[in-house]
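Order of the sequence lines fixes the chain letters, A, B, ..., with proteins taken first and strands second; residue numbering starts at 1 for each chain.
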There are 2 protein chains.
Amino acid sequence: MSDNDLQRLFAALLHLDLPKSMTSRLCALGGDVDIKCGAAAELDGSAARFIAFVAEGVAKFVGHLGNDREQVVAFLLANDLTVFPRSDAVPYSLHGITDCRVLTFPADAFIRTIAADPDLAKAVCEHMFVAFDQSRDMSVLLGRKTAQERVATFLTSMAERIGKQNDDGVSLSLPVSRREIADSLGLTIETVSRQFTELRELGIIDTNGRSEVTILDRLRIREAAALPC
Amino acid sequence: MSDNDLQRLFAALLHLDLPKSMTSRLCALGGDVDIKCGAAAELDGSAARFIAFVAEGVAKFVGHLGNDREQVVAFLLANDLTVFPRSDAVPYSLHGITDCRVLTFPADAFIRTIAADPDLAKAVCEHMFVAFDQSRDMSVLLGRKTAQERVATFLTSMAERIGKQNDDGVSLSLPVSRREIADSLGLTIETVSRQFTELRELGIIDTNGRSEVTILDRLRIREAAALPC
DNA sequence: CGTTGCGTTGAATCTTCTCAAATCAAGTGG
DNA sequence: CCACTTGATTTGAGAAGATTCAACGCAACG
């Protein structure tokens, strides 16, 4: 694990430079996993739970139901921290959408270590709470939103994460395929595609090629997403 | 907040008696909320996040989308600990299904306090991780499972929480109405009812009145729930 | 320039929802 | 104890939304 990676971890957590004492302790704990684009992470199937920090690239957590039924429960962009899901009910795996560098820490040891620094503990908890909230928002989306609302919600949230303001509105380059969008929204690729088309025809978005999207009307897409305006 | 409530909290967290020093510190932090059956909790709409512990009764977290669209993101039974969801995207509220007694702690202060005791910190984190996992399992259910699989999954998980083994199988008395089941599974009450009927006709469950259910065949209900057997 | 994979479109089908009516359970007052 | 009220649940028929299957278009790459 490089100092550079740890610096990114601390910056993401605290917006602070890293205290040297903590660096060395986390360095001793952490593992360093490279995931190739399209590959699943090599995570020892041990019973221990662990915390994952994405230093570079884009990854996804996928739950598997069999019969080719997959549900993406989270997209992880660079600098995202999360708890790897462990469940008796559904097997999960971590996949690289692009080539990734992921830092992993055994959860128990990680918690014990960061508890020593109140600011750090608070920051880590806050990150987990936000991830938890996102997961519950996702439950509301999956349980109650229409296909159009789901796609609009997805675009809104991606725009907040990686969008760039320009003359026409907010532009973004989607780091994920239609299949991955569909797998995260509980839809099929065809339905996602139809909703892209409809949002374009409504003048709410514009598209260019497979991955370029511009949100033309911030208010109307939030309305279409059933989000508070 | 009574000593008895705190004793329950610690027992639920640690399976241990409560250390006196911690009791008094948490006592100072905590608020005590009574929720009447059917009522929403009076939670000051402040920006602070908080942790909730259900000492008595059954409660539910509900996300609201407007147009009467509601999604129950969690049922909380007695002794459950959770983080109250805060989201810019969806308003949430806490409702009593029965009369409830709920202990609430400001999240920041709670985290700071329990960090002093490594065992307690670990136990609290483990609880949060489990709740997080349940939320992600729920995303898989809502995103990819059929109506029958959802209802079978719900019954399986309730049976694990409150079921009692007897001659015929595992019996349970559902603490929630069909509407609440539907609201948590992303279905309508009619569809839930039809799936109850179908599971009964398949000989997988038996029902008695509105709330008594017996799971006759543990393996077949897990199969019907798309759970690993 | 052809191949290959991803994305889009169309038509038919299926599951679940909606709306309406019937039934059941639990309480209330006689 | 019984009729009646009230709210929850069940059942049925038709409608809506999303899926499935199949074909076509487009973009990247050798």
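Using a 4.0 Å cut-off between charged nitrogen and carboxylate oxygen, A:E149 and B:R69 count as a salt-bridge pair.
Taking atom CZ of B:F196 as the reference point, atom C1' of D:dA8 lies 13 Å away to the nearest angstrom. When rounded to the nearest whole Å, the span between CD of B:E198 and C1' of D:dT11 equals 14 Å. If you take CG of A:N208 and C1' of C:dG7, they are 14 Å apart, rounded to a whole angstrom. Between the CD1 atom of B:I189 and the C1' atom of D:dT10 there is a distance of 10 Å, rounded to whole Å. Following rounding to the nearest Å, B:R179 (CZ) and C:dT18 (C1') show an atom-to-atom distance of 13 Å. As rounded to whole Å, 11 Å separates atom P of C:dT18 from atom CG of B:N67. Straight-line distance from the CZ atom of A:R200 to the P atom of C:dG7: 13 Å, rounded to whole Å. Counting to the nearest Å, the P atom of D:dT10 and the CD atom of B:E201 are 12 Å from each other.
Contact detail for B:N79 and B:A55: the closest heavy-atom pair is OD1-O, 4.3 Å. Closest of all the heavy-atom pairs between B:T214 and B:S171 is OG1-OG, 3.1 Å. Of all heavy-atom pairs spanning A:T156 and A:A225, the tightest one is OG1-CB, 4.3 Å. A pairwise comparison of heavy atoms in B:L142 and B:R150 identifies O-NH2, 3.2 Å as the closest pair.
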Exercise for review: Would you sort out whether B:V102 and B:L76 count as a side-chain contact (heavy atoms from CB on, under 4.5 Å), showing the intermediate values?
Suggested key: CA-CA 10 Å; B:V102 180; B:L76 301 179; over 6 Å; no

Review point. If the sugar-phosphate is the primed atoms plus P, OP1 and OP2 and the base is the rest, what is the B/S/- string for nucleotides 14-22 of chain D, using protein heavy atoms under 4.0 Å?
Key: ----SBBB-

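Atom CZ of A:R161 sits in a crowded spot, with more than 12 heavy atoms from other residues, nucleotides or ligands closer than 6.0 Å.
For the residue pair B:S87 / A:D137, a side-chain donor-acceptor distance below 3.5 Å is found, with atom types taken as modelled.
With a 6.0 Å cutoff to the six-membered ring centre and a 45° limit on the axis angle, B:R136 counts as a cation-pi contact of B:F132.
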Each nucleotide N or O in nucleotides 24-30 of chain D that has a protein N or O under 3.5 Å away: list the pair and distance.
residue : atom : partner : partner atom : Å
D:dC26  : O2   : A:R210  : NH2          : 3.3

